[in-house]
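Here is the structure we will look at.
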Amino acid sequence: MYRGSWVHDMSYPLYDSSACHFIRKEFDCLMYGRPDHLYLQYRWQPTDCNLPRFDSQYFLKKLKGKKVMYVGDSLSLNNFQSMVCLLHAAVPDSNITRNSKNSVTTVIFQDYGVSVSHFQSPYLVDIEKEEIGRILKLDSIKDGKTWKDIDVLVFYSWGWWYREGPQQPWDYIQEGETIVKDMNRRVAFHKGLTTWAKWVDSDVDPNKTTVFFQSISPSHYK
């Protein structure tokens, strides 16, 4: 299903972004007057199979009582908001609550007992403040204690690994006892992702939790 092309489909989009108040305003292209709307009418068509159309009500019934969490940066936030809007479009009059605390934003579809969350973690591994400054720790995932009890986890990371200057949220990189000012960012990404993969293998119960890792996406900023 990963080999195919985008095809034009007049039955899309699956939700009206102007009617969904869960989209962060700077990501709402229609609200800001984007003149072309053709981009809304494309769907992914695999080469050798057909994907069933997303059914929001079936999704809510199938995942009744379950928790879904997107973990990553603002691209994960985009996916989280799109999922919430897809579900909201199908049940706009249902009891829906939203709350934000620390790094987590959660939308709960109370009538179904389904929660969809976004956990802000651009690197997946930890950044901690110490005396020498902010340290990106390539072999530490303390946030994992929050993630591992979720039923469906969707991870993404890459967009922040190459950032430098004022946008870089760390001052040093640490692996084991070794602390350096910087290193090749792809090497650092590989090390961080290896730590994440080991965490999945050791801490996540595959009988309870389904884990996805999204491939690298293009930035939503110019």
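What's counted below: heavy atoms across the whole structure, side chains too, no hydrogens, waters or symmetry copies.
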More than 12 heavy atoms of other groups within 6.0 Å of [X] [atom1]:
X: R53; atom1: CZ; value: yes
X: D48; atom1: CG; value: no
X: K145; atom1: NZ; value: yes
X: F54; atom1: CZ; value: yes
X: H190; atom1: NE2; value: no

How many angstroms lie between CH2 in W6 and OH in Y42, if you round to the nearest 0.5 Å?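 Taking CH2 in W6 and OH in Y42, the distance rounds to 11.0 Å.
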Shared ILVMFWY cluster between [X] and [Y], side chains joined below 4.5 angstrom?
X: Y2; Y: V211; answer: no
X: L77; Y: Y32; answer: no
X: I173; Y: Y162; answer: yes
X: L14; Y: L40; answer: no
X: L153; Y: I108; answer: no

ring-ring contact (aromatic ring centres under 6.0 Å, His included) between F212 and F155, intermediate numbers included: CA-CA 6 Å; F212 296 93; F155 291 94; over 10 Å; no
Evaluation steps, salt bridge (charged side-chain N to carboxylate O under 4.0 Å, His left out), between E128 and R134: CA-CA 6 Å; E128 297 184 1; R134 303 163 299 174; over 6 Å; no
Does H88 have its ring centroid less than 6.0 Å away from the ring centroid of Y15?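 No, they do not, as the ring centres are separated by 6.0 Å or more.
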D126 and side-chain contact (heavy atoms from CB on, under 4.5 Å): which partner among L136, D143, I135, T195?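 Between D126 and the candidates, side-chain contact (heavy atoms from CB on, under 4.5 Å) is satisfied uniquely by D143.
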4.5 Å side-chain heavy-atom contact, Y39 and C29: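 Sidechains of C29 and Y39: in contact.
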Please determine if D151 and K208 form a salt bridge, counting it only when a charged side-chain N lies under 4.0 Å from a carboxylate O.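 Salt bridge flag = yes for K208 with D151.
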Are the charged groups of E175 and K191 less than 4.0 angstrom apart, N to O?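 Looking at E175 and K191, the cut-off is met.
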Flag this pair as yes if the NZ/CZ of K181 is under 6.0 angstrom from the six-membered ring centre of Y172 and inside a 45 degree cone about the axis; otherwise no.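 The answer is yes, since K181 meets both limits relative to Y172.
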Is the ring pair F213/Y156 parallel, tilted or perpendicular, if the boundaries are 30 and 60 degrees?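 If you compare the ring of F213 with that of Y156, the planes turn out parallel.
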Test log, rule side-chain hydrogen bond (donor to acceptor under 3.5 Å, both in side chains), inputs Q45 and N50: CA-CA 7 Å; Q45 176 59 56; N50 291 314; 2.9 Å; yes
Evaluate Q110 against S94 for side-chain hydrogen bond (donor to acceptor under 3.5 Å, both in side chains), listing each step before the verdict. CA-CA 8 Å; Q110 299 283 1; S94 64; over 6 Å; no
Is there a donor-acceptor contact under 3.5 Å linking the side chains of [X] and [Y]?
X: R43; Y: S11; value: no
X: S157; Y: W161; value: yes
X: Q174; Y: D139; value: no

Could you go step by step and tell me if S100 and T105 meet the side-chain hydrogen bond (donor to acceptor under 3.5 Å, both in side chains) rule? CA-CA 4 Å; S100 297; T105 299; 3.2 Å; yes
